[in-house]
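Ligands are counted one by one from 1 in listed order, and the atoms in each one are counted from 1 as well.
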Amino acid sequence: MERIPISDTLGMFELAKRLEAEGRRIYHFEVGQPDFPTPENIINAGIEALNRGFTRYTPSRGIPPLLDAIGKFYNDRGIKINGQKNVIVTPGAKMALFQGFLSTIDAGDDVLVLSPAWPTYRVMIRTVGAKPVDVGTFPGYVLNEEALKNACSKSVTALVINTPNNPTGGVLDKDHLKLIHDLSVDHDFVVFSDEIYEMLVYDGFEQSSMLEIDPNMDHTLIISGFSKTYAMTGWRLGYAIGNEETINNMVRIQQNTTSCATSFVQYAGYEALTGDQNSIKKMTADYQKRRDVITSIFCNMPGVQCVSPKGAFYVFPDFSTYGFSSNTLAELILKKVGITSTPGIVFGKLYDSHLRFSYATELSEIKEGLGKLADFLLTLL
Ligand SMILES: Cc1ncc(COP(=O)(O)O)c(C=O)c1O
């Protein structure tokens, strides 16, 4: 249990709850989930599946129509995978990731993590007895080729990448992915490519999948899911795509742990992939509008450096001018302005001058809350 830390930010979120209970107006920018409801057609498909009696165990790998739909989702983009053989459906992308680590990593291995990175990767890597090794992406927050090459050693058995990235919204393009794949072949490690935000991209950017670079999946395991694109966080539905051997190993783990993803949820997932996509387009367009507003607010704040995100729903501005640690600054702006954010330190030691703000929140909240933050920062200079 010592390998699984208690969340660093728990104390702060409890403080936020206490302030709220005292009647303080709190602006929430810490949430890592869509504020939109799950689209109605998906909800109805879940209800219908319940009414049709889909309330029993399913095959551990997932229900065949959903496996096919996931296969088709990639085939339509020219990626040749076989849904029945290369896919496992899991209760959330988190479970896909954990099963992936369990089936490919040994205790004592080094696992590289391109950082800043979602903290769960490091915790899971430690949980399986391996050692997470952060590889910084300064100065552009996307990929520092030299740092990555220098980190590749014999003890490295895997690398975790995430594009679009939580917390920066930065994206790896095809050339980056190619370079990463070449390194994985040269040094014989597996790339865990977390592509869960791949549909939430802006300005016409199209996110390439690592599957396009490594179609045989000899060195690749894709992690993805429904939580973000389809606003389905609480349904718990994710999947992994990989070579048959890895997926079969993961199926063995799933058979003996969770058995399967929830049956009626899998039918809702089928509707998400095959049904009307208009609500997805609308949500993405809304995120892009918010992204434009939040980025311009941060870029105009005194002493704040902010890179415009190309995907996901987070910004990761740098407040180094102010000289506070990220925990201190996050607590200060919570107490003084009533704004919750996530301290940069949780995404990697190198990022202790940053805060993450999620824009999965209404435009009016963004404008009002961050207007107050800008006024407050002026008093600190
Ligand atoms: C990068 C990343 N991957 C995976 C997940 C988890 O997804 P799921 O809800 O499918 O477990 C998250 C959730 O915050 C995330 O940010």
> Starting from atom 7 (O) of ligand 1, locate the nearest protein heavy atom and write down its residue, its atom name and how far away it is, to 0.1 Å.
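Protein heavy atom with the smallest distance to atom 7 (O) of ligand 1: Ile196 CD1, 3.3 Å.
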> Is the contact between Ala93 and ligand 1 made by the side chain, the backbone, both, or neither, using heavy atoms and a 4.0 Å cut-off?
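Answer for Ala93: both.
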> Could an N or O of ligand 1 be found under 3.5 Å from any N or O of Asp194, whether backbone or side chain?
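Yes - when backbone and side-chain N and O of Asp194 are compared with those of ligand 1, one distance drops under 3.5 Å.
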> At a 4.0 Å threshold, what atoms of ligand 1 neighbour a non-hydrogen atom of Ser227?
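Ligand 1 atoms under the 4.0 Å threshold to Ser227: 8 (P), 9 (O), 10 (O).
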> Would you say the side-chain atoms of Asn86 and Glu244 include a donor-acceptor pair closer than 3.5 Å?
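No donor-acceptor contact under 3.5 Å links the two side chains.
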> Check Lys281 with Asp276, please: is the shortest side-chain N to carboxylate O separation under 4.0 Å?
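No, no charged N to carboxylate O under 4.0 Å.
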> When you measure from the centre of the six-membered ring of Phe73, is the NZ or CZ of Arg77 closer than 6.0 Å and no more than 45° off the axis?
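Because its charged atom sits under 6.0 Å from the ring centre and within 45° of the axis, Arg77 does stack over Phe73.
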> Given the ring of Tyr27, does Arg25 sit roughly above its face, with NZ or CZ under 6.0 Å from the centre of the six-membered ring and within 45° of the axis?
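Geometry flag: set, cation within 6.0 Å and 45°.
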> Please classify the Lys228 to ligand 1 contact at 4.0 Å (heavy-atom distances, strictly less than): side chain, backbone, both or neither.
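Side chain only.
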> Would you mind telling me if ligand 1 is within reach of the side chain of Gln33, the backbone, both or neither, using heavy atoms under 4.0 Å?
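For Gln33, there is no contact with ligand 1 at all, from either part.
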> Look at ligand 1 and say whether Gly225 reaches it with a heavy atom at a distance under 4.0 Å.
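The answer is no: ligand 1 sits nowhere under 4.0 Å from a heavy atom of Gly225.
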> Using a 4.0 Å cut-off to any heavy atom of Asn162, which atoms of ligand 1 qualify?
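By the 4.0 Å cutoff, the relevant atoms are 1 (C).
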> Can you list the atoms of ligand 1 that are under 4.0 Å from a heavy atom of Asn166?
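The list of qualifying atoms is 16 (O).
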> OH of Tyr270: more than 12 outside heavy atoms within 6.0 angstrom?
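Not more than 12 within 6.0 Å, no.
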> With distance as the sole criterion, is a donor-acceptor pair present between the side chains of Ser320 and Asp318 under 3.5 Å?
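The answer is yes; a qualifying pair exists.
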> Using a strict cut-off of less than 4.0 Å between a Lys/Arg side-chain nitrogen and an Asp/Glu carboxylate oxygen, indicate whether Lys149 and Glu145 qualify as a salt bridge.
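Judged by the 4.0 Å cut-off on N to carboxylate O distance, Lys149 and Glu145 do form a salt bridge.
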> May I ask you to list the atoms of ligand 1 that are less than 4.0 angstrom from any heavy atom of Tyr121?
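Near Tyr121, the atoms of ligand 1 are 1 (C).
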> In terms of atom number and element, which parts of ligand 1 are under 4.0 angstrom from non-hydrogen atoms of Lys94?
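Listed by number with element: 11 (O).
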> Just which atoms of ligand 1 are under 4.0 Å from any heavy atom in Arg236?
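Within the 4.0 Å cut-off of Arg236, ligand 1 contributes 8 (P), 9 (O), 11 (O).
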> Atoms of ligand 1 less than 4.0 Å from Gly92 heavy atoms?
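Every atom of ligand 1 under 4.0 Å from some heavy atom of Gly92: 10 (O), 11 (O).
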> Can you confirm whether Arg252 is buried at CZ, in the sense that more than 12 heavy atoms of other residues, nucleotides or ligands lie under 6.0 Å from that atom?
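For Arg252, atom CZ is not crowded (no more than 12 foreign heavy atoms under 6.0 Å).
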> Tell me, with the steps shown, if Lys282 and Asp286 meet salt bridge (charged side-chain N to carboxylate O under 4.0 Å, His left out).
CA-CA 6 Å; Lys282 195 186 162 303; Asp286 275 3; 3.2 Å; yes
> Can you spot which of Tyr359, Phe29, Phe347 makes a ring pair (Phe, Tyr, Trp, His ring centres under 6.0 Å) with Phe316?
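Single ring pair (Phe, Tyr, Trp, His ring centres under 6.0 Å) partner of Phe316 among Tyr359, Phe29, Phe347: Phe347.
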> I'd like to check whether Thr233 has a polar contact with ligand 1, where a contact means an N/O of the residue lying under 3.5 Å from an N/O of the ligand.
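Thr233 vs ligand 1: no N/O contact under 3.5 Å.
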> Quick test: of every protein heavy atom, which one is nearest to atom 12 (C) of ligand 1, and how far off is it to 0.1 Å?
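Ranking protein heavy atoms by distance from atom 12 (C) of ligand 1, first comes Trp118 CZ2, 3.4 Å.
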> One residue to check: Tyr197. Relative to ligand 1, which of side chain, backbone, both or neither has a non-hydrogen atom less than 4.0 Å away?
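Side chain only; the backbone of Tyr197 stays clear of ligand 1.
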